[in-house]
There are 2 protein chains.
Amino acid sequence: MSAAARERFAAMSAKLKASGLKSTPQRLAVMKLLAESKGHPSVDDIRARLQKKFPGISQATVYRTIQLAKSLGEAYEIAFAGSGSRYDGRKPHPHPHIVCLACGRIIDPELRSLGEMTREIAAASGFAITTFRLDFFGLCPACRNNKNGSRKT
Amino acid sequence: MSAAARERFAAMSAKLKASGLKSTPQRLAVMKLLAESKGHPSVDDIRARLQKKFPGISQATVYRTIQLAKSLGEAYEIAFAGSGSRYDGRKPHPHPHIVCLACGRIIDPELRSLGEMTREIAAASGFAITTFRLDFFGLCPACRNNKNGSRKT
DNA sequence: CTAAGTGCAAATGATTTGCAGGTAT
DNA sequence: ATACCTGCAAATCATTTGCACTTAG
């Protein structure tokens with residue numbers, strides 16, 4: 001567990017405690033995974049990885065905990081049509097993504113000029129812009145060559 | 001029906017005929033609506049507007065026809081998590097949107113610099129980028145004032 | 001102790017699909 | 001004629017929710 005992950009997990013558990021809600025083992029485990037997963041895991045990725053430690057853990061609990069983390073401002077959901085959402089507990093704010101159409105990998109690109117673009121859009125449309133969604137889709141370097149699809153979450 | 005809409009409808013019906021599939025009244029009606037609707041209608045918007053002319057029209061037919069139009073390259077789907085998709089038959093290619101969180105209105109902003117941004121992303125990540133999704137969310141000029149929500153599709 | 005959380009299974013909402021009868025070509 | 005369509009209802013898939021039991025504080 002990297003220093004950054006440890007810090008994220010500390011922030012999450014602190015918010016959880018501060019909220020007055022209960023710090024159950026399941027909640028802490030889900031949040032830890034969110035804090036340390038670089039690969040934008042799905043609900044089922046999380047449930048699967050928690051099986052060893054919590055044999056009976058239910059999807060419902062994972063869903064509920066993720067929603068809780070979102071409502072605490074500690075997780076970010078990337079929803080896709082036609083497939084389950086993916087979650088990010090490392091950067092819990094809107095940011096652009098690049099999604100590999102072959103293996104499902106999702107990475108976070110650097111991108112300046114987005115704030116500028118948002119201001120331009122707001123000025124031209126008259127909307128009060130509060131958030132955005134920006135995804136690029138394509139083939140990652142690995143999938144451009146081999147036809148594999150080792151799903152790295 | 002504007003000149004642009006007429007042209008889009010002509011393109012759609014031509015593609016349909018060329019595909020060898022049948023030009024049924026339902027299909028032509030759905031495609032006409034797609035061709036002329038500026039407001040990015042939902043499946044149910046379309047079904048509702050077709051009720052008068054086709055009293056028994058089913059959601060299934062609307063869904064199937066939209067998928068057909070998409071596969072012909074003549075309609076573009078904007079999918080949202082937690083609510084139904086919206087469709088665009090006027091510009092059947094990826095383009096940015098601005099979505100009003102209060103009334104659901106969706107408009108198409110002008111935006112240069114997107115191609116440039118895509119190239120930048122591709123170069124930095126090594127991905128072969130094939131498409132993108134860009135939405136801004138906020139309050140439209142009307143909803144910034146009144147709390148109404150006249151859903152203009 | 002007791003409000004809150006968990007697992008399970010049933011409910012939901014959008015979309016898809018199987019099937020039996022209808023229609024464009 | 002006949003392969004393709006349609007409407008209907010049942011099936012899917014991701015996610016949410018009701019409920020009876022369990023547990024953190």
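All values reported here derive from a predicted model rather than from experimental measurement. Order of the sequence lines fixes the chain letters, A, B, ..., with proteins taken first and strands second; residue numbering starts at 1 for each chain.
Rounded to whole angstrom, the span from the CD atom of B/Q67 across to the C1' atom of C/dT17 amounts to 13 Å. In this structure, CZ of A/R64 is placed 11 Å from P of D/dT16, rounded to the nearest angstrom. Remark: C1' of D/dG7 and CG of B/L50 are 14 Å apart, rounded to the nearest angstrom. Here the C1' atom of nucleotide D/dA14 and the CD1 atom of A/I46 are 15 Å apart, to the nearest Å. Residue A/L16 contributes atom CG, which lies 12 Å from atom C1' of C/dA4 at whole-angstrom precision. Look at CZ on A/R47: it is 15 Å from C1' on D/dC13, rounded to the nearest Å. Counting to the nearest Å, the C1' atom of C/dT17 and the CD1 atom of B/I66 are 17 Å from each other.
In terms of modelled atom types and a separation under 3.5 Å, the side chain of B/S37 and the main chain of B/L34 share no donor-acceptor contact.
Here the NE2-CG distance, from B/H40 to B/D88, works out to 4.0 Å after rounding to the nearest 0.5 Å.
Considering only the side chain of B/T61, D/dT6 comes nearest among D/dA9, D/dT15, D/dT6.
Nearest-nucleotide mapping onto DNA chain C: of B/Y87 and A/L68, the residue sitting toward the 5' end is A/L68. Each of A/I57 and B/G84 was matched to the nucleotide of DNA chain C holding its nearest heavy atom; the match closer to the 5' end belongs to A/I57. A residue-by-residue look at B/F54 and A/S85 shows that B/F54 has its nearest nucleotide of DNA chain D further toward the 5' end.
Looking at A/T61 and A/Q26, their side chains never bring a donor and an acceptor atom within 3.5 Å of each other. Checking B/S58 against B/R47 by side-chain atom types alone, no donor-acceptor pair falls below 3.5 Å.
A/H93 has its ring centre no less than 6.0 Å from the ring centre of A/H95.
You'll find the side chain of A/F136 stays beyond 4.5 Å of the side chain of B/T130, heavy atoms only.
Salt bridge A/E36/A/R6: absent, no basic N to carboxylate O contact under 4.0 Å. In this structure, A/R90 does not pair ionically with A/E7, as no charged nitrogen and carboxylate oxygen lie closer than 4.0 Å.
Residues from residues 19-29 of chain A lying near DNA chain D, meaning a heavy-atom separation below 4.0 Å, are A/K22, A/S23 in numerical order. Within residues 92-100 of chain B, no residue places a heavy atom under 4.0 Å from DNA chain D.
Regarding contacts with the backbone of D/dG7, every side-chain N or O of B/Q59 stays at 4.0 angstrom or more from both OP1 and OP2. Checking the phosphate oxygens (OP1, OP2) of D/dT15, a side-chain nitrogen or oxygen of A/Y63 falls inside 4.0 Å.
No cation-pi contact links A/R27 to A/F54, judged by a cut-off of 6.0 Å to the six-membered ring centre and 45° from its axis.
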